[in-house]
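Structure first, then comments.
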Amino acid sequence: MKLSKCFFKTLREVPNEAEIPSHILLLRAGMIKKTAAGIYSYMPMGWRTVRKIEEIVREEMDAKGAQEITTSVLQPSELWEESGRWGAYGPEMWRLTDRSGRPFCLGPTAEEVFTEIVRNDVSSYRQLPLMLYQITDKFRDEARPRFGMMRSRNFIMKDNYSFDKDAEGMHESYMKMYDAYSRVFTRCGLNFRPVEADNGAIGGTGSHEFTALCEFGESEIAYCDNCDLAATVEKAECSDAPRETSDMLALEKVNTPGTKTIDEVAEWLGIDRTRTIKALLFITYDEEGKEKEYVAAFIRGDRELNMTKLVNALGLREFDIAFADEAKMGSVTGCVGGFTGPIGLHNCKIVVDSELTGLRNLVAGANEEDYHIKNVNYGRDYEGDIVIDIKTLREGDACPKCGSPVKHAKGVEVGQIFKLGRKYSEAMHAYYKDENQQDRVMEMGCYGIGISRTFQAIIDMPENHDENGIIWPMSVAPYHVIITEVKPGDEAQDRVSERIYEELKAASVEVVWDDRDERAGVKFKDADLIGIPIRITVGKLAGEGVVEYKLRRETEKSELTV
RNA sequence: CGGGGCGUGGCUCAGUUUGGUAGAGCGCUUGCUUCGGGAGUAAGAGGCCGCAGGUUCAAAUCCUGUCGCCCCGACCA
């Protein structure tokens with residue numbers, strides 16, 4: 001490719017819309033353009049890299065026996081009605097109707113479509129296991145798109161689906177993908193960690209998230225240097241404080257004027273926050289979005305609630321629960337916020353963190369303004385409708401596996417794999433006949449890689465960018481080599497550039513020749529910005545058959561005789 | 001959806017407080033000089049100041065509404 005013919009424009013200044021390095025550099029390098037909030041177009045250089053990533057993914061998927069197909073982004077509502085997700089998916093789904101009023105959606109994922117395809121054509125155990133995948137645009141109307149393609153409303157995703165005879169087969173398929181994903185992200189030049197993850201709304205029995213470690217990521221993971229714990233913060237289990245055996249003391253109502261927060265209560269009473277009970281009130285909604293019931297969650301005063309765990313405990317969807325406002329709170333507790341406690345609380349579902357059941361003589365709100373109650377004990381004074389771990393594992397907390405302090409890290413979720421089990425195959429009647437002519441339900445798994453997100457995350461790796469621009473790993477670089485001809489029109493430079501260009505092309509090296517009529521400085525800046533791994537500069541010494549060789553990743557230059 | 005900020009040539013921004021001929025730098029076109037790390041110079045092209053109402057002799061500027069975009073939070077397979 002001659003750069004003079006390439007549709008390509010770089011920006012000198014940082015576009016207003018970008019904040020993080022990868023987004024800034026993609027825009028400055030002219031690799032992507034914004035079309036609307038969370039909707040991007042790819043320019044030639046950027047698209048080449050996307051296709052490289054896709055090719056790596058294809059190779060690794062094919063190597064595990066998965067076969068590529070493509071399904072339409074338009075999906076009819078009937079399929080989603082069958083799985084029960086048409087109602088359950090929520091506001092993220094782009095819904096539309098055809099001219100006759102029939103409802104469709106732009107596919108946010110494709111479990112239903114793949115299950116439908118497989119159930120029609122697979123009827124025998126002899127056809128299993130089966131893995132199918134596709135690389136297509138996906139659509140999710142994100143509440144808040146941000147950071148360019150990190151969280152966009154239209155993105156490229158590789159999704160595949162495994163169909164197995166039984167749970168053991170599903171586990172094998174799952175592990176194949178675990179392995180394939182590790183290979184994909186390694187080849188793409190990402191510093192990543194596979195971590196245990198919550199299955200979330202997609203359902204199923206197990207999941208891992210592949211997280212590219214990076215300070216700008218939106219995922220937070222907890223890990224332990226002393227053992228193999230690695231999980232998303234939503235998923236990570238917490239170990240409870242040791243059970244206490246001291247005597248239960250008599251309840252005592254104390255005046256605590258104006259102490260609405262845990263810190264204020266603890267200070268007023270001169271106690272540690274760990275001796276208090278924190279109350280959080282929620283309102284839940286049913287499938288139609290109508291208010292369903294109130295939920296009070298209780299955790300030790302110093303803990304943080306883990307919303308994912310709470311939602312799972314209640315069997316809800318994330319968007320079916322919200323904090324209760326002051327007015328709603330009052331209708332449950334008969335009191336202003338800040339003095340809510342578990343004793344005597346009714347008209348709501350009570351969820352108690354498991355840790356509280358083993359602690360003695362804590363301080364809780366009295367459900368009466370300016371009063372708290374001392375010596376509150378689980379079992380004697382209150383009980384929960386649900387008792388379960390609903391707290392967040394924080395940095396420095398004891399590792400639930402080995403007890404060492406856990407660490408936290410930020411990252412970008414570039415892929416996730418799920419054991420779905422029978423959730424979709426059962427709902428959609430994906431059956432096969434086994435050796436004994438018996439109908440059996442297929443065991444499914446599903447596996448996703450955010451291609452466009454990976455594209456951007458690669459750049460955010462500290463080793464893949466510097467103050468001058470992108471430093472693409474060779475495996476995904478838009479071109480391997482850039483020939484920077486300092487002075488096009490110079491007979492010797494033209495001749496040498498052309499020869500190198502033709503020879504590299506003949507050797508299947510992907511090469512771009514900067515033959516633009518620009519000053520050398522501009523060309524060097526652009527070459528650095530777009531991050532081509534190898535630069536060959538054809539300049540003054542071209543007449544003597546000498547050119548300069550430089551790696552984008554290194555600072556040293558060397559001379560080559562050609 | 002709550003909070004904050006911003007919409008002025010392709011890009012980055014000034015001008016808005018205190019209403020009075022729409023500006024700069026970069027980019028683009030042409031000429032001359034320059035030419036190995038984002039050149040200098042001269043001459044140009046390009047904007048109904050997001051949109052719609054209103055106030056006023058007069059609105060980029062004041063008022064109301066609306067749309068879009070960004071950030072924080074909520075939310076997020």
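Labels below follow one simple rule: chain letters A, B, ... track the order of the sequence lines, proteins then strands, and each chain is numbered from 1.
Here the side chain of A:P15 is nearest to one of B:G37, B:G38, B:U12, namely B:U12. When distances run from any side-chain atom of A:A520 to the nucleotides B:U34, B:G36, B:C11, the shortest one goes to B:G36.
The structure places CG of A:N199 at 8.5 Å from SG of A:C446, a figure rounded to the nearest 0.5 Å.
B:C51 is paired with B:G65 under the criterion used here, namely a Watson-Crick or G-U wobble arrangement in which both key atom distances are under 3.5 Å. Searching all strands for a Watson-Crick or G-U wobble partner of B:U16 with both distances below 3.5 Å returns nothing. Taking a pair to require two hydrogen-bonding distances under 3.5 Å in either a Watson-Crick or a G-U wobble arrangement, B:G27 remains unpaired. In this entry B:G36 has no Watson-Crick or G-U wobble partner, no candidate having both defining distances under 3.5 Å. Nucleotide B:G2 is matched to B:C72 when pairs are restricted to Watson-Crick or G-U wobble geometry with both distances under 3.5 angstrom.
Nucleotides B:G5 and B:G46 have their C1' atoms positioned 29 Å apart, rounded to a whole Å. Comparing the C1' positions of B:C1 and B:G38 gives an interatomic distance of 44 Å, to the nearest angstrom. A distance of about 26 Å separates the C1' atoms of B:U64 and B:G47, rounded to the whole Å.
Across the protein-nucleic acid pair, A:D514 atom CG and B:G37 atom C1' stand 13 Å apart, rounded to whole Å. Here B:G37 presents its P atom at 14 Å from CG of A:N468, a figure rounded to the nearest Å. Nucleotide B:A39 holds its C1' atom 15 Å from the NZ atom of A:K523, rounded to whole Å. Atom CG of A:D141 is separated from atom C1' of B:C1 by 13 Å (rounded to the nearest Å). One interatomic measurement links the two molecules: CZ of A:R28 to C1' of B:C26, which rounds to 12 Å at whole-angstrom precision. Between A:I24 atom CD1 and B:C11 atom P the separation is 16 Å, expressed in whole Å. B:C11 atom P lies 10 Å from atom NZ of A:K9, rounded to whole Å. For A:R12 and B:G10, the CZ to C1' distance is 14 Å, given to the nearest whole Å.
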N/O-N/O pairs, protein side and nucleotides 23-25 of chain B side, under 3.5 Å:
residue	atom	partner	partner atom	Å
B:G25	N2	A:E13	OE1	2.9

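Listed by chain and number, the residues in a ring pair (Phe, Tyr, Trp, His ring centres under 6.0 Å) with A:Y161 are A:F114 (sequence neighbours excluded). Residues satisfying the ring pair (Phe, Tyr, Trp, His ring centres under 6.0 Å) criterion with A:Y178, sequence neighbours excluded, are A:H208, A:F210.
The pair A:R183-A:E60 counts as a salt bridge, with a side-chain nitrogen and a carboxylate oxygen less than 4.0 angstrom apart.
Contact annotation: side chain of A:E548 to base of B:G36, donor-acceptor pair present below 3.5 Å.
Taking 4.0 angstrom as the limit, A:R519 places none of its side-chain polar atoms (N or O) nearer than this to OP1 or OP2 of B:G38.
Along RNA chain B, the nucleotide nearest A:T308 and the nucleotide nearest A:D528 are compared for position; the residue whose nucleotide lies closer to the 5' end is A:D528. With the nearest nucleotide of RNA chain B identified for both A:V522 and A:E413, A:V522 has the one nearer the 5' end.
Taking the ring axis of A:W86 as reference, the NZ or CZ atom of A:R95 stays within 45° of it and closer than 6.0 Å to the ring centre. Seen from the ring of A:Y549, A:R535 does not count as a face-on cation partner, given the 6.0 Å and 45° thresholds.
A donor-acceptor pair shorter than 3.5 Å cannot be found between the side chains of A:E209 and A:T232.
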Donor-acceptor contacts, no H, no angles, side chain residues 1-20 of chain A, under 3.5 Å, sequence neighbours left out:
residue	atom	partner	partner atom	Å
A:S4	OG	A:D515	OD1	3.0
A:S4	OG	A:D515	OD2	2.8
A:T10	OG1	A:D526	OD1	2.8

Would you list the atom pairs, donor with acceptor, under 3.5 Å between side chains in residues 32-40 of chain A and any protein atom, with sequence neighbours excluded?
residue	atom	partner	partner atom	Å
A:T35	OG1	A:S41	OG	2.9
A:Y40	OH	A:H23	NE2	3.1

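A:G539 comes within contact range of at least one nucleobase, with a heavy-atom separation under 4.0 Å. No engagement by A:P91 is indicated, since no non-hydrogen atom pair under 4.0 Å with the nucleic acid exists.
Between A:Y42 and A:V50, some side-chain heavy-atom pair lies under the 4.5 Å cut-off. Put simply, the side chain of A:Q416 reaches to within 4.5 Å of the side chain of A:S207, judged on heavy atoms.
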### Query
Can you give one letter per nucleotide of nucleotides 66-74 of chain B, going 5' to 3': B for a protein heavy atom under 4.0 Å from the base, S for sugar-phosphate only, - for none?
---SSBBBB

